[in-house]
Amino acid sequence: LVRTPPDILITTPESLFLMLTSSARETLTSVTTVIVDEIHAVEATKRGTHLALSLERLEQLLPQPAQRIGLSATVRPPERVARFLAGSRPVTVVKPKAAKTFDLSVRVPIADMANIPAVESDSDLDETPAAGSLWPFVEANIVDLIEQNRSTIVFANSRRLAERLTARLNEIHAERLGEPVAQQLNTAVPGGMPAYVMGSGASAGAAPVLARAHHGSVSKEQRALIEDDLKSGRLRCVVATSSLELGIDMGAVDLVIQVQSPPSVASGLQRIGRAGHQVGEISQGVLFPKHRTDLVHCAVAVEQMTDGNIE
């Protein structure tokens, strides 16, 4: 980096700080433009404070101030974020006139969430399925939606749920194709397998032919392969956490499914916005609540997302 400085440097607030405290800072003396992508993700955090300090330190190295540009699709109010980026300097807020169009729905796969029936299954894994679990119905509905579209991203709020859901989606898909699924019951586990205890169908480990998991614990190389498989059409679905929420070009995505209400309205807009991620396209999104209280949260989130009421 010091011997052959790049024309364009893509970095993080932490790496910029390290560069400014080392001999590499000399490579930054010719910077003319600083672009902060997805600025809303750092504006109200300690990383944002760290970044603001580093940008001021960078400016001390420059013969003239660099132009600062902040990018985000989910900023409210934009004037406050503009002040964060520019400080006391003159700033211009550029807002496109065309509003993004969302087609959102909250889907409950049963008629009455207060009276959930037991699931009928011929599989030994679900030999005594318990009534009161919504998961088998949600999983089957998600597979239906994935099979109806060319490319789908399913968002979960935790890595554990993403992995478990990925396994179940692949097993349901394999069963529908008539492919054998290895059944390995562990009778030493009191109350059944962990997935069964949590209410989901137990996982037997079908091959990942329909979906693959994408989160921070997956290696960078594997994440790149998964993203490329989805873009090229070799993979129908990716089950992700926030790892696919920001700043990644996933190509043409037909549908985004959110399992459980999103962490925030802004997060929900970022996630659903992965579908139809082009100018003039409609972003299709379906939300599946986990329980009755979550149904209320999903309904409120959809209303706020439709109105653009970001936190």
Any pair with a residue in residues 48-71 that passes salt bridge (charged side-chain N to carboxylate O under 4.0 Å, His left out), sequence neighbours left out, goes on the list, sorted by first then second residue, please.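 As it turns out, the salt bridge (charged side-chain N to carboxylate O under 4.0 Å, His left out) pairs with a partner in residues 48-71, which skip direct neighbours, are Glu56-Arg68, Glu56-Arg89, Glu59-Arg68, Glu59-Arg89.
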
Pair listing, salt bridge (charged side-chain N to carboxylate O under 4.0 Å, His left out) test, anchored in residues 284-296, at least two apart: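 Non-adjacent pairs meeting salt bridge (charged side-chain N to carboxylate O under 4.0 Å, His left out): zero.
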
Side chain to side chain contact (heavy atoms under 4.5 Å, CB included) for Cys237 and Val154? Distances and angles first, verdict last. CA-CA 7 Å; Cys237 172; Val154 178; 3.7 Å; yes

Roughly how far apart are [X] [atom1] and [Y] [atom2], rounded to 0.5 Å?
X      : Y      : atom1 : atom2 : result
Leu55  : Leu16  : CG    : CG    : 6.5 Å
Ile8   : Thr33  : CD1   : OG1   : 10.0 Å
Ile172 : Leu177 : CD1   : CG    : 12.0 Å
Leu18  : Ser54  : CG    : OG    : 9.0 Å
Ile69  : Leu71  : CD1   : CG    : 7.0 Å
His214 : Leu225 : NE2   : CG    : 10.0 Å

Can you name the closest pair of heavy atoms from [X] and [Y] and give their distance?
X      : Y      : result
Pro5   : Thr27  : CG-CG2, 3.9 Å
Ile116 : Ser133 : CG2-O, 3.4 Å
Ala213 : Ile226 : O-CD1, 3.2 Å
Val239 : Ala211 : CG2-CB, 4.2 Å
Thr29  : Leu61  : CG2-O, 4.0 Å
Ser283 : Gly273 : OG-CA, 3.9 Å

Are the side chains of [Y] and [X] in contact, using a 4.5 Å heavy-atom criterion?
X      : Y      : answer
His40  : Val81  : no
Leu134 : Phe288 : no
Gln222 : Arg212 : yes
Arg168 : Ile142 : no
His50  : Phe17  : yes
Arg47  : Glu14  : yes
Val300 : Ser261 : no
Asn157 : Gln258 : yes

Taking salt bridge (charged side-chain N to carboxylate O under 4.0 Å, His left out) as the definition, give me every residue that meets it alongside [X], ordered by chain and number, with sequence neighbours left out.
X      : answer
Asp229 : Arg234
Glu43  : Arg80
Asp103 : none
Glu303 : none

Same cluster or not: are [X] and [Y] linked, directly or through other Ile, Leu, Val, Met, Phe, Trp or Tyr residues, by side-chain heavy atoms under 4.5 angstrom apart?
X     : Y     : answer
Leu20 : Ile35 : no
Val2  : Met19 : no
Leu51 : Leu53 : no
Val36 : Val93 : no

Run the salt-bridge test on Glu147 and Arg236 with the 4.0 Å N-O cut-off and return the result as yes or no.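 Not counted as a salt bridge, because no side-chain N and carboxylate O are separated by less than 4.0 Å.
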
Pair Leu85, Val91 - check side chain to side chain contact (heavy atoms under 4.5 Å, CB included), show working. CA-CA 9 Å; Leu85 180 65; Val91 62; 5.8 Å; no

Step-by-step side chain to side chain contact (heavy atoms under 4.5 Å, CB included) determination, Phe102 to Val302: CA-CA 10 Å; Phe102 292 89; Val302 166; over 6 Å; no

Could you walk me through whether Met305 and Ile272 satisfy the side chain to side chain contact (heavy atoms under 4.5 Å, CB included) test, starting with their C-alpha distance in whole Å, then the side-chain angles of each, then the deciding distance to 0.1 Å, before giving a yes or no? CA-CA 10 Å; Met305 290 162 64; Ile272 304 299; 3.6 Å; yes

